[in-house]
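Note that the coordinates shown come from a computational prediction; the quantities given were computed from them, not determined experimentally. Letters go in sequence order (proteins before strands), and every chain restarts at 1.
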Amino acid sequence: MPELPEVETIKRELEEKLVAKKITDVIVNNPKVIREPQNKDFVNQLKGVTIRHILRKAKLLILELSNGKALTIHLKMTGQLIYPGTGKKSRVSFLLSDGKLLDFNDQRLFGELRVVDDWHKLRFIQSLGPELSTLSPKNFQKMLTGKNTRIKPLLMDQAFISGIGNLYAAESLFQARIRPDRAASNLSDKEKQALFFAIKRVLNEAIRCGGSSVDDYVRLSGKKGNYASKHKVYDRKGEPCLVCKTTIKRINLGGRGTYFCPKCQR
DNA sequence: AATGGGACCTGCGCGC
DNA sequence: TGCGCGCAGGTCCCAT
């Protein structure tokens, strides 16, 4: 479930550890995670190139390379990047010029590695909406007007706002005291503003904590992030609300488990 | 156009 | 105990 805070955490750690290092070899243990290019070109295009810059767009990691190409990494649900790695359970390992490995692990094989000429042209990138951090509260308010769809699936719609997934949508809506099944268009201006600041606060705090380690997510070092202990509703079905002690409910919205407090959130 | 559901995968936890 | 099933959720794709 890596979302914006988890990917941002890894991005910062990669930046610190990998920039200016060279990829000297690539060990492919499971080619399934390599989406582009399909053949040996993936390895050939990476061997001997230096990692110049590391970027994050929504939940996608982008490593810009000295040959003008980019290595993009999407962790999807169970992807991990570990440095220094062991190569033991990795799907793909990158041997670096310092003699250490960068491991890409991914239990469920949903993750995606690509080498592309121009990452800006990726369809995934082209379809992304803005990140909340680039918006003003007024912008955000305007974007919500006329949207009859339910607020939680809307927040998770990467074409609308990018970076937010199931966990942070739930936590942000709790902080803003808004029920996840409300129609976006019927939120008051005050609620829209509260939501804007709640998302900002939740994402920033999660980044400060190094992300939420539920399921498989770990930081680059292999250590867990610390935000999971701060969750108010996510994965707390049947437990008492930390504010009012009402039992946290779980409903299904847009095919996703959705946690909320029926009393605090209206 | 918005929404729902399935597909992609694997491991875990549940109920019987 | 062991088995089968549902579930976890990011993204794409198709149907309605």
In terms of relative ring orientation, are A/Tyr234 and A/Tyr259 parallel, tilted or perpendicular, with 30° and 60° separating the classes? perpendicular
Who passes salt bridge (charged side-chain N to carboxylate O under 4.0 Å, His left out) against A/Asp41, sequence neighbours left out? none
Salt-bridge contact A/Glu112-A/Arg35 (side-chain N to carboxylate O under 4.0 Å): yes
Output yes when A/Lys59 and A/Glu3 qualify as a salt bridge under the 4.0 Å nitrogen-oxygen rule, no when they do not. no
Mind checking if A/Tyr234 touches a base, just sugar-phosphate, or nothing, with heavy atoms under 4.0 Å? sugar-phosphate
Between B/dT10 (P) and A/Leu109 (CG): distance, integer Å: 5 Å
Base-pairing string, 5' to 3', of DNA chain C - Watson-Crick or wobble, under 3.5 Å, | interstrand: .|||||||.|||||||
Apply side-chain contact (heavy atoms from CB on, under 4.5 Å) to A/Glu191 and list each qualifying residue two or more places apart in sequence or on a separate chain. A/Ile178, A/Arg182, A/Leu187, A/Ser188
Should the pair A/Lys230-A/Glu205 be classified as a salt bridge under the 4.0 Å nitrogen-to-oxygen rule? yes
Is A/Asp106 salt-bridged to A/Arg91, cutoff N-O under 4.0 Å? no
Ionic contact status for A/Asp181 with A/Arg150, cut-off 4.0 Å: no
Under 3.5 Å, which donor-acceptor pairs link side chains of residues 238-249 of chain A to any protein atom two or more places apart or in another chain?
unit_1	atom_1	unit_2	atom_2	d
A/Glu239	OE1	A/Arg236	NE	3.4

Distance, rounded to the nearest Å, where A/Ile251 contributes CD1 and C/dC7 contributes P: 15 Å
When you check the phosphate oxygens OP1 and OP2 of B/dT3, does a side-chain N or O of A/Thr149 lie under 4.0 Å from one of them? yes
When every nucleotide of nucleotides 10-16 of chain C is labelled 5' to 3' by its protein contacts under 4.0 Å (heavy atoms), B for base, S for sugar-phosphate only, - for none, what sequence of letters results? BBSS---
Which is more 5' along DNA chain B, the nucleotide nearest A/Gln107 or the one nearest A/Arg150? Just name the residue. A/Arg150
In residues 204-212 of chain A, what residues come within less than 4.0 Å of DNA chain B, judged by heavy atoms? none
Are A/Phe94 and A/Leu18 side-chain neighbours, meaning at least one heavy-atom pair lies under 4.5 Å? no
